[in-house]
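Everything below concerns the one structure shown next.
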Number of protein chains: 6
Amino acid sequence: MFVPRKILEEKLKQLLAEDVGQGDVTTAAIVPERQTVDASIIAKESGTVAGIEEILILAEALGLEGEAYISDGGKIERGQAFLKVSGDAQTILSAERMMLNLLCRMSGIATATKRLVEKLQEARMVTKVAATRKSAPGLLYFDKKAVLLGGGDPHRLHLDDTILIKDNHITVVGSVEAAVKKAKQNASFTKKIEVEVTNVADALTAAKAGTDIIMLDNFSPKQVKQAVETFKKAGFFGKVLLEASGGITEATLVEYASAGVDVLSLGELTHSVRALDISLEVTRVC
Amino acid sequence: MFVPRKILEEKLKQLLAEDVGQGDVTTAAIVPERQTVDASIIAKESGTVAGIEEILILAEALGLEGEAYISDGGKIERGQAFLKVSGDAQTILSAERMMLNLLCRMSGIATATKRLVEKLQEARMVTKVAATRKSAPGLLYFDKKAVLLGGGDPHRLHLDDTILIKDNHITVVGSVEAAVKKAKQNASFTKKIEVEVTNVADALTAAKAGTDIIMLDNFSPKQVKQAVETFKKAGFFGKVLLEASGGITEATLVEYASAGVDVLSLGELTHSVRALDISLEVTRVC
Amino acid sequence: MFVPRKILEEKLKQLLAEDVGQGDVTTAAIVPERQTVDASIIAKESGTVAGIEEILILAEALGLEGEAYISDGGKIERGQAFLKVSGDAQTILSAERMMLNLLCRMSGIATATKRLVEKLQEARMVTKVAATRKSAPGLLYFDKKAVLLGGGDPHRLHLDDTILIKDNHITVVGSVEAAVKKAKQNASFTKKIEVEVTNVADALTAAKAGTDIIMLDNFSPKQVKQAVETFKKAGFFGKVLLEASGGITEATLVEYASAGVDVLSLGELTHSVRALDISLEVTRVC
Amino acid sequence: MFVPRKILEEKLKQLLAEDVGQGDVTTAAIVPERQTVDASIIAKESGTVAGIEEILILAEALGLEGEAYISDGGKIERGQAFLKVSGDAQTILSAERMMLNLLCRMSGIATATKRLVEKLQEARMVTKVAATRKSAPGLLYFDKKAVLLGGGDPHRLHLDDTILIKDNHITVVGSVEAAVKKAKQNASFTKKIEVEVTNVADALTAAKAGTDIIMLDNFSPKQVKQAVETFKKAGFFGKVLLEASGGITEATLVEYASAGVDVLSLGELTHSVRALDISLEVTRVC
Amino acid sequence: MFVPRKILEEKLKQLLAEDVGQGDVTTAAIVPERQTVDASIIAKESGTVAGIEEILILAEALGLEGEAYISDGGKIERGQAFLKVSGDAQTILSAERMMLNLLCRMSGIATATKRLVEKLQEARMVTKVAATRKSAPGLLYFDKKAVLLGGGDPHRLHLDDTILIKDNHITVVGSVEAAVKKAKQNASFTKKIEVEVTNVADALTAAKAGTDIIMLDNFSPKQVKQAVETFKKAGFFGKVLLEASGGITEATLVEYASAGVDVLSLGELTHSVRALDISLEVTRVC
Amino acid sequence: MFVPRKILEEKLKQLLAEDVGQGDVTTAAIVPERQTVDASIIAKESGTVAGIEEILILAEALGLEGEAYISDGGKIERGQAFLKVSGDAQTILSAERMMLNLLCRMSGIATATKRLVEKLQEARMVTKVAATRKSAPGLLYFDKKAVLLGGGDPHRLHLDDTILIKDNHITVVGSVEAAVKKAKQNASFTKKIEVEVTNVADALTAAKAGTDIIMLDNFSPKQVKQAVETFKKAGFFGKVLLEASGGITEATLVEYASAGVDVLSLGELTHSVRALDISLEVTRVC
């Protein structure tokens, strides 16, 4: 998910412009022009940080100097000052909230993802943790990037990038088999085809029809295990990827992974983000 | 926060366009053209709904028919089908996720807000529950509207709409008194002036300097009570609004309110949203 | 009304892009590439300048060097060269008209505002001169900023920033009292509430209902005086702001101010601007 | 200057969106949803109207019904209700100011233009009244269209549409002759070439070099007459258009025209607009 | 590549707006307002049509009526009137060129693609004809859609949708093997991985490393055959897709296909388009 | 067609942003961060180059260093490395295709134009070669600029820049004479008027009516000669420009020119572009 800095800069400036509106009246009223300050960005709780690149790009775009003491994806501890922004006081104070809103959200996502990823690592599992497209509207890029920085797999980005046949598609087309067949026929050879199924029989049908990835929707760990075994018997295991999705929690994560799927995807990584608590403090007024 | 429907429509179409990218390849590959379907939007858990207006506007903008069985701000029960969308299958399936992403987030915000508001109502308190500017970047309008629909106060929108002097402003200017004085001098007479303070003495100073609203930042309920009493003695109570912010939880909400402030504002209403679980199901293929 | 320079730069570049269209054919046909020139921006009449920050930002954004010999809000005399722009000749000549169009309009607004403000200062009155929302569509930011630089109050910016109940709102709601009551009930505690009234009785009603600012619409100076006296008697004077609007001219300004209102607002400051005469002259071809 | 309605609609919606910001808080607070009203747009002074097409397009785009009792370019009398807008009260009240701002500005331009045009007609002159590019930034389309509706000539639109060699171009290139020669060589055969000159000798040089239009800059009527006579003698009169610009006022207009030029162009038609006084009144609440 | 009509409409209106500029001066000068006409869109040469959906969407968006007598992807014969557009004359004449520009380009692409596809069909080959990303900047969506309508495969859309490792990537990373290994490690499981190779040995290396698709770059048909045989021996044939690209012409197409690859991709399908000759004729003036 | 660099930069960044989508997944997966490379842009065939300014502007905008060894409009030979781009490897590889797509298209147009222009020069003719508005939608600026760099005339840009009365306009208005008469009456004096005619009689009518340029549509060289002679007899030759358009090929070009017209315009210069073969090669990995 590399975007040239200057392209990303445009998106960040738009988000800031929207936040500012016709002008920051507080800053205009009380902060002197041409006043220079240093500000520290400080973790108020520990976690995995994401959004540092964004803050540095935006700071530079605004004519400020930014310096990071840690890289995106690194761990920050409560109390740690991990970013410094220096320059025009009016500019920093006007951009403060928007910068933090992005940083806290992205870091919240990365932190939650990392926790799950580490849980699997501790259990010595190689199962992947993946996001879904249940992100905040307009913020998909940032949400997915945060998942990546937390060690997760971003899954699909746009609707244009992987064939993912879901329940409603199947309802319209009639059957899993018919849907996969149409997809194989019509989709570009450059795309993988994934199908969401609700039972083991459909999973097998989908695999036989040539699906690349099968999403086991709302399966219990036990049902997952059953699917894995069926695939082993049928010779699809290891060839067709298995992804479990729906109802997976931190508590059941290892159990699901142990059941043998390749990927565990969780909507709440991006739809129910708990922001990491981070604040900005002016540390020096020059 | 009324925006003419056709203006709001543009913003919604942009969010959808961004989500679709170069085209929905799944829908294109397997869903027939000119196929008409009915779809129900169904609550998978109970809560307060927000975003119905947005779904109806977007549906209409896309040439679909939308019908709501409940109004924004109403309560939905688990299992309740509260919205119906009918029309072109390709269009509905391409817009499904973006629609749900908005609806689930807004309803999540409204639900959390409502829960707090009702807690205060049950305790027979008239204290207001307010949001902060800690929203998701780019989604401030939708986040604030959801707070409103949940019975909360949206607080400031843009940086252009109320003078709010925070800790970093005071650091730059030197003192609460100097900051308020400058604000009174330079700000438009059409704006209220709010100051964030960290102790009772500063609160009193701010009130004397002519501040309209005082935000007690990270005060304990006990400290809030002390501030209220000091204000009563000084004759500012009821004239200068008192807002407590920072560290307020569902558990301490009533205690804070009982301490006598006018407003309780909570960043997590918008920065740490738990999406309400809502799904779309195709119910009829014509 | 502080907007980070790089955000303002985007708006200025858009205005220029719109002006240029597919390319400046004159410049392309006759001005050599890589030719450097110096140009002076010169007052053809005296006045108060506004727009210098905009010219400097745009010049820098275009890769030119800009230097100002005066600050925004300062007085310029006929014949005074107050700004210098140096750099690529093609760029300067293509941007000349758009730069001047903005500078002449903003300076025209600042000059007219300043004249009124000084008139009141000479009469030793502290009454504020304010703008209205009767600006040129799309130019509200620049128009309001020019009023500020002329010493005036910008009044509301967006429709989102202060409650202002006007005649048509009252027609729809039924009465001044009902309108204010609804506003008090529904508006955020962060907003002031202003009401436009057409007679003293309504002004009093509005004040009793808790309005923060009352706009006396099309009152004669005598009627204004009457309102002021009524407010003094009723104890509202000094607590509820009084703004007179409609029919105020340079000739009647002091009379209105003497009648005791806090603010005089004039639509013509922004809707009927007389541009200040300013031109750009290439002074050196390198 | 025909722009397909639906393209113009986009520009108008953008201007409105910018005006509204995050939402009209007044309307939201006090105007009921789904309330229908009729509103009349009424001339508070007499003049030539322009902007009716824009209001009707925007009204329709917003889901309102608009009806005009007069066409663009027609005369309106003080007190005349010449436009009616009906529909959703919240929408009308939110769009009122932006609609009037455009209508008042355009009508102000058309009125001033018409007055000059009629002055020449009364004097039985066929001289054209033209605008310049001294318009409000971002509003060039609307400003030029208003000039057209007032009976004037819009002159150049973008910088891409006619070669217009001005003083600064000549300074850079060295001489009128060199500038015209380069323009003839490099410009597309589809463009006319116009040159601004400051004396009769340069006017003659320009004509000999093959210029299509010559702008006599800041000539007195006497100097204009001298130029005309020189052109008659040299055989250029009637072949090369003569345009006088700079220092022309309503008082000297006929004198300038009598001097024999083809076109009189006036910057103040668009840079120093006096808005026509027009208001909107809700006439019926359904 | 399905995009909801109303989203596509926005893009089409933007292209038209850009084409019109400040207004169609010809239409404004000579075509009466409110004149209704019928216009036929007629093939001046035979081919495969693409762009009908776009014309119908834009026509409807502009308030015109459009009717198609053939579907996208169908064959049109020289002289055939295959589309009718009716409505406002000014609107049709202003949009004519932009509509034709899109239709002629898309149909040119579809026609060329179809010719190659049919050549292979006649030779009874199932090899796919694919496009590359060598499209016109900004027109990728339309170019790819036209390839699809001509029976081809659109290949990648954005840079975000398939991993495609090209020569320069390999130069930077060091070797085909290292590049594929990194891709397998870092890319989302939802993406296929394709590698461009310049010899058979690298093709084999890539296949062993787990690549999904291998692009044989500038291979002669003989070299392609050799690669196919190597893959058959190594057991990769039919499992790893083979795509030949570079230097393939209409003349060598069947020879390449016979060599056994799955896909033939040709840059000239989109980078060197010959527009299909199509014109619009006003057939009735009402 | 001069556009200030920083304005052009915006357009180029938008084209790139559209191409990248949510991020370049290949580059992200395998190219290391902060890796610096040099890349050469190399002609794979000889031709006239156009687009160098665009590549340099975009490179600089992206923080890369660009260096050109030739100017726009110059000749490049097969194998010649004429541009060098250095800097961040991820950025260069993400922008490579979009840069080449623009450069190859523009150079293809310039090359084709130049070939025709040189053909006429060799035949010692001064006839101009011109483009039409049959460009790729959205790329008109780049297409026209390439024509200019190839020595051609860009003809009209926007619909706002010259009156061009075509067949359909005449159908609507009734006759060539009526159309020209209306145009003379209504169009700005700053515009030339051009009419498309299908026979010599209409050409004469148009000239008599005061047209500036006459486009002889689909005339054979013989018919062109006849028109020229008619014009000579009638005294219009040399005063009214004659442009032949339609059916002109490289083979018939000189014959058409010899027939005596001033301009030959060819749609295929921009509607049927053959891209010049140019590639980018990473030459050094630092």
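Quick caveat, the model's predicted, so the values are computed rather than measured. Any value given below was found using the heavy atoms of this structure, including those in side chains, with hydrogens, waters and symmetry copies removed. By convention in this document, chain letters (A, B, ...) are assigned in the order of the sequence lines, proteins followed by strands, and residues within each chain are numbered from 1.
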Could you tell me which non-hydrogen atom of [X] sits nearest to which non-hydrogen atom of [Y], and how far apart they are?
X: N168(D); Y: L280(C); answer: ND2-O, 2.9 Å
X: N101(C); Y: R133(D); answer: ND2-O, 2.9 Å
X: S272(D); Y: A275(C); answer: OG-N, 2.8 Å
X: A183(D); Y: A29(C); answer: CA-CB, 4.2 Å
X: S94(D); Y: L159(C); answer: O-CD1, 3.3 Å
X: A136(C); Y: L139(D); answer: CB-CD1, 3.7 Å

Report the distance from atom [atom1] of [X] to atom [atom2] of [Y], rounding to the nearest 0.5 Å.
X: D19(D); Y: L140(C); atom1: CG; atom2: CG; answer: 6.5 Å
X: I163(D); Y: T26(C); atom1: CD1; atom2: OG1; answer: 4.5 Å
X: Q22(D); Y: D161(C); atom1: CD; atom2: CG; answer: 11.5 Å
X: M98(C); Y: K134(D); atom1: CE; atom2: NZ; answer: 16.0 Å

Checking H158(D) against V20(C) for the side chain to side chain contact (heavy atoms under 4.5 Å, CB included) test, could you report, in this order, the C-alpha distance in whole Å, the side-chain angles of both residues, the deciding distance, and whether it holds?
CA-CA 6 Å; H158(D) 283 139; V20(C) 170; over 6 Å; no
At a heavy-atom distance under 4.5 Å, which candidate from [options] has the highest pair count against chain D?
options: N186(C), V282(C), L16(C); answer: V282(C)
options: P137(C), G21(C), A179(C); answer: P137(C)
options: L93(C), V173(C), V31(C); answer: L93(C)

V172(C) and side-chain contact (heavy atoms from CB on, under 4.5 Å): which single residue from T27(D), V37(D), I92(D) fits?
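Passing option: V37(D).
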[atom1]/[X]: more than 12 non-hydrogen atoms of other groups inside 6.0 Å:
X: E177(D); atom1: CD; value: no
X: K182(C); atom1: NZ; value: yes
X: E33(C); atom1: CD; value: no

Shorter than 4.5 Å, heavy atoms on both sides: which option in [options] has the most such pairs with chain C?
options: L102(D), T283(D), L164(D), T132(D); answer: L164(D)
options: K184(D), K181(D), H169(D); answer: H169(D)
options: L100(D), L157(D), D160(D), I193(D); answer: D160(D)

Which answer fits [X], side chain, backbone, both or neither, if we ask what part of it has an atom under 4.5 Å from a heavy atom of chain C?
X: E96(D); result: side chain
X: K191(D); result: side chain
X: R274(D); result: both
X: S135(D); result: both
X: V285(D); result: side chain

Select one option (side chain, backbone, both, neither) describing which atoms of T162(C) are under 4.5 Å from chain D's heavy atoms.
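Contact with chain D: backbone only.
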Quick one: what part of L15(C) sits under 4.5 Å from any heavy atom of chain D, side chain, backbone, both or neither?
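Only the side chain of L15(C) comes within 4.5 Å of chain D.
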Intermediate values then yes/no, side chain to side chain contact (heavy atoms under 4.5 Å, CB included), I30(D) and I165(C)
CA-CA 9 Å; I30(D) 69 178; I165(C) 302 166; 3.8 Å; yes
Sidechain N-carboxylate O distance under 4.0 Å for E18(D), K11(C):
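A salt bridge is present here (some side-chain N lies under 4.0 Å from a carboxylate O).
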